[in-house]
There are 2 protein chains.
Amino acid sequence: MSAEDLRRRRTNVRANVRTVPGPCARWNDEDADFIREVLDLVGDKWSVLIIGTLADGPIRYSDLADAIPGISQRMLTLTLKHLRRTGLITRTSYPEVPPRVEYTLTELGTSLLSTVLALAAWSADHHGEIRRHQAAYDSANARQADER
Amino acid sequence: MSAEDLRRRRTNVRANVRTVPGPCARWNDEDADFIREVLDLVGDKWSVLIIGTLADGPIRYSDLADAIPGISQRMLTLTLKHLRRTGLITRTSYPEVPPRVEYTLTELGTSLLSTVLALAAWSADHHGEIRRHQAAYDSANARQADER
DNA sequence: CAGTATCCTCTGAGATACTG
DNA sequence: CAGTATCTCAGAGGATACTG
């Protein structure tokens, strides 16, 4: 299945159902799965940060830890395993003393990175707007709480 | 800050640091925050599904529940609140009997949707490749477990 | 250096029951 | 219809200590 198909397909499914009884369209299970798949991949706290760091070229475990403030060894190791299993990164260990291990972004990983960066860019672009909405929403809620 | 800046900025920061002591670049805190912000927004289990459903036009609470199989009332309500607070959707209640409430995607929400759909499309495109990597990784691990 | 192994906490999310 | 109120639990993630 191709990229452009996704949007088209869901729209079609929706349209089909809508013409039958009324408004009650449902997600195609497969489409929902694709969303779950990416979220499972990049929806966690560290994956994107790691992938972004690897974008600058191969890097060692400890340098990775330094580059990503706040990550615990446990989470670093776990996330690296996860990314490796998915084929987004590769691990190369050099039999030296002291041991050296480098992590590298695969082509698959690079292709994902650019898509994810678009998301971060969206956030950067609309950050102000979002903050304004949140503030408005919160103050409206505070007023409601007062009235009670 | 603009969309194109994001990539450029991080690269610069990285380059600056790299020229000083060695490889030990760190994420700019602000950039990492942008990533956290989107993830907090769409990284959960239901947000994207809801946004995607709203893309077809305003829809009522109960129709939303039907359109998204598996979601609980609690999660639907909670996620709707979250999206509303961020300004991605709006809520309009019509004072009728029985009550009618419609949720509508804002422009902000629409702009996010298209970006997120790109991610889903990526998943659709690389799904096969990912599955192959996972299978390979798992069987390699199973062999290791046997050898022990 | 590059990880494991444990323990612990806290939150995301489901199930169920109730209400304006 | 469109929610709210509780209870519950699994697992994501942190802290700390240990190891090939």
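The sequence lines fix the lettering, A, B, ..., with proteins before strands; numbering per chain opens at 1. Values reported hereafter were calculated over all heavy atoms of this structure, with side chains retained and with hydrogens, waters and symmetry mates removed.
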Round to the nearest Å and state the distance from Ile68(A) atom CD1 to dG14(D) atom C1'. 16 Å
Holding to side chain to side chain contact (heavy atoms under 4.5 Å, CB included), I want the full list of residues that pass it with Arg84(B), two or more places apart in sequence or in another chain. Tyr137(A), Ile89(B), Arg91(B), Tyr103(B)
Provide the closest heavy-atom pair for Pro58(A) versus Glu102(A) in the form atom of the first, atom of the second, distance. CB-OE1, 3.6 Å
Considering non-hydrogen atoms only, spot the tightest contact between Trp27(A) and Thr53(B) and give its length. NE1-OG1, 2.7 Å
For Glu107(B), all residues meeting side chain to side chain contact (heavy atoms under 4.5 Å, CB included), sequence neighbours excluded: none
Would you write out the dot-bracket form of DNA chain C, 5' to 3', with Watson-Crick and G-U pairs under 3.5 Å, [ ] for crossing pairs, | for pairs to other strands and . for unpaired bases? ||||||||||||||||||||
With rounding to the nearest 0.5 angstrom, report the CG to NE2 distance, Asp33(B) to His127(A). 7.5 Å
With the side chain counted from C-beta on, respond yes when Leu54(A) and Thr104(A) share a heavy-atom pair under 4.5 Å apart, and no when they do not. no
What are the two closest heavy atoms between Val48(B) and Val42(B), and how far apart are they? CG2-O, 3.6 Å
Rounded distance (nearest 0.5 Å) linking atom CD1 of Ile71(A) with atom CD1 of Ile50(A): 4.5 Å
Please work out if Tyr103(A) contacts a base, only the sugar-phosphate, or nothing of the nucleic acid, heavy-atom cut-off 4.0 Å. sugar-phosphate
Heavy atoms, side chains only, cut-off 4.5 Å: are His82(B) and Leu78(B) in contact? no
Between which nucleotides of DNA chain C, read 5' to 3', does contact with chain A run, using atoms under 4.0 Å from its heavy atoms? dC1(C) to dT6(C)
Give every residue pair that meets the side-chain hydrogen bond (donor to acceptor under 3.5 Å, both in side chains) criterion with at least one member in residues 36-48 of chain A, sequence neighbours excluded. Glu37(A)-Ser123(B), Asp44(A)-Ser47(A)
Strand-adjacent residues in residues 74-92 of chain B, judged by heavy atoms under 4.0 Å from DNA chain C: Arg74(B), Met75(B)
